[in-house]
Number of protein chains: 2
Amino acid sequence: MRIGELARKTDVPPRMLRYYEEQGLVTPRRLDNGYREYDEYLVDRVRKIRGLLDAGIPTRIIGAILPCLGQTSAIVVDDPDPELRAMLVEQHDKMIERIAFFEQNRDALSRYIDAMDRAAATGD
Amino acid sequence: MRIGELARKTDVPPRMLRYYEEQGLVTPRRLDNGYREYDEYLVDRVRKIRGLLDAGIPTRIIGAILPCLGQTSAIVVDDPDPELRAMLVEQHDKMIERIAFFEQNRDALSRYIDAMDRAAATGD
DNA sequence: CTTGACCTTCACATGGGTGTGATAGTCAGA
DNA sequence: TCTGACTATCACACCCATGTGAAGGTCAAG
């Protein structure tokens, strides 16, 4: 598919898709036109990129961990790079931290909203 | 405490503490000097701000939800503002999304790291 | 009284993600 | 063949969180 369709499917503007390419996160083929041609599996990839970006993770890190986030992980394991491993472990630990942090916030918001609702029900 | 001590305790540079104040996220008292004087409870608050900021949440949103993240939530419920409620629900839902997303990534990283380790153990 | 560690404000810079507009090529359909 | 909806590249500009440095005030300790 071309850039417009991918943009629609992922809700990521073409401008950003080109930017991700510039950052090495996606590498679409080119048609004879020069038009970018995206494979279907990139839809998922772009969504993943957006999620990570929204979470404040910079493209540099995203580029490093993205190949490791596929469900078919068995494929890509062939270089026992200890540096890569360290970085993955680091990001893994950060994920755990983030989860704990968000769970707290989720619960706190939950409580607060409930309290609001109860106050509204009572106060009426 | 003064800004330097708070900076040490929270690992947030003074520059940023002043910035948070400018954004209305913390409002320290002032000594006769003009020096900022922070209450102890702000340590926690600043840590929370950092967490949210690291998670890619802009100061505008943080300012809105911060008062609702305290453990003593019962105190602050007195204005049944439907707009505020909507925003809180929205942020609450986003927290849930984020958690799910991070859990996926955590698991994927976990799997990948395990695979690396197994490959290394076998390949040796 | 001076030094040094703190604090103040102000201002300018930077980096990353994003918006926007200019200019131009491609191509399907009326 | 021309129009309109795509696409391309390039460039400038923005927002926001941060860094950094200048110029100066406060205050405790030597």
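In what follows, every chain begins at residue 1, and chains take the letters A, B, ... in the order their sequences are listed.
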Nearest to the side chain of [X] - [options]?
| X | options | result |
| --- | --- | --- |
| R18(B) | dT26(C), dT9(C), dT9(D) | dT9(C) |
| R36(B) | dT18(C), dA8(D), dT9(C) | dT9(C) |
| M16(B) | dC12(C), dT26(D), dA17(D) | dA17(D) |
| R2(B) | dC7(C), dT18(D), dC6(D) | dC7(C) |

Can you measure [X] atom [atom1] to [N] atom [atom2] for me and round it to whole angstrom units?
| X | N | atom1 | atom2 | value |
| --- | --- | --- | --- | --- |
| L17(B) | dG19(D) | CG | C1' | 14 Å |
| E37(A) | dC6(D) | CD | P | 16 Å |
| D32(A) | dA8(D) | CG | P | 14 Å |
| D11(B) | dT18(D) | CG | P | 12 Å |
| E5(A) | dA5(D) | CD | C1' | 15 Å |
| E21(B) | dT9(C) | CD | P | 7 Å |
| L53(B) | dC15(D) | CG | P | 18 Å |
| L31(B) | dT8(C) | CG | P | 9 Å |

*5'-most by nearest nucleotide on DNA chain D - Y19(B) or P14(A)*: P14(A)
Answer yes when [X] and [Y] have at least one side-chain N-carboxylate O distance shorter than 4.0 Å, and no when they do not.
| X | Y | value |
| --- | --- | --- |
| E21(B) | R30(B) | yes |
| R2(A) | E37(A) | no |
| D117(B) | R85(A) | yes |

Does [N] have OP1 or OP2 under 4.0 Å away from a side-chain N or O of [X]?
| X | N | value |
| --- | --- | --- |
| N33(A) | dC27(C) | yes |
| Y35(A) | dT9(D) | no |
| R15(A) | dC14(D) | no |
| R50(A) | dT18(C) | yes |
| Y20(A) | dT18(C) | yes |
| T59(A) | dG17(C) | yes |

*Using a heavy-atom cut-off of under 4.0 Å over every strand shown, decide if R30(B) touches base, sugar-phosphate, or nothing.*
sugar-phosphate
*Taking K9(A) as the fixed residue, which of D44(A), V46(A), V43(A) is the one that meets the side-chain contact (heavy atoms from CB on, under 4.5 Å) rule?*
V43(A)
*Determine whether the side chains of R50(B) and Y20(B) contain a donor N or O and an acceptor N or O closer than 3.5 Å.*
yes
